[in-house]
> 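Have a look at this one before I ask anything.
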Amino acid sequence: MRTDSVNLSVEAVEEIRALIAENYGAKNVPKNPGYLNQIKNAQEAHEAIRPTSPRHLPNQIKNYLSVEQYKCTI
């Protein structure tokens, strides 16, 4: 996986959009900007690094994290 990639799988985008709609309302779901790389030889086959699931919210996994790890989530 590449850290500089902006590509996300369709499944990941759908899960993230659903989570935002559930927690903040459908009106707050941003439109997908659909980033496209303009570089001629760009490697767009790689997905961006992302959490395993956006449903693992910081307050739900706090007991499994160290103090320092939790600080990085908020």
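Everything numeric in this text was worked out from a predicted model, so none of it was measured. Nothing fancy with the numbering, it's 1 onward along the sequence.
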> Give, for atom CG of L19 and atom OH of Y24, the distance between the pair rounded to the nearest 0.5 Å.
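L19 CG to Y24 OH: 7.5 Å, rounded to 0.5 Å.
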
> For Q69 and S66, indicate whether the former's side chain and the latter's backbone hold a donor-acceptor pair under 3.5 Å.
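The answer is yes, because a donor-acceptor pair under 3.5 Å joins these two groups.
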
> With sequence neighbours left out, write down each residue that passes salt bridge (Lys or Arg N to Asp or Glu O under 4.0 Å) with E11, or none if nothing qualifies.
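E11: no salt bridge (Lys or Arg N to Asp or Glu O under 4.0 Å) contacts found.
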
> Quick one: CD1 on I16 to OG on S9, what's the gap to the nearest 0.5 Å?
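Here the rounded value is 8.0 Å.
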
> Can you check whether P30 reaches I20 side chain to side chain, under 4.5 Å on heavy atoms?
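Yes - at least one pair of side-chain heavy atoms lies under 4.5 Å apart.
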
> Drop me the distance from L8's CG to E14's CD, to the nearest 0.5 angstrom.
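Going from CG on L8 over to CD on E14, the span is 12.0 Å.
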
> Between E22 and R55, does any NZ, NE, NH1 or NH2 come within less than 4.0 Å of an OD or OE carboxylate oxygen?
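So R55 pairs with E22 through a salt bridge.
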
> If I take atom OH from residue Y70 and atom CG from residue N63, how far apart are they, to the nearest 0.5 angstrom?
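Separation between the atoms: 10.0 Å.
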
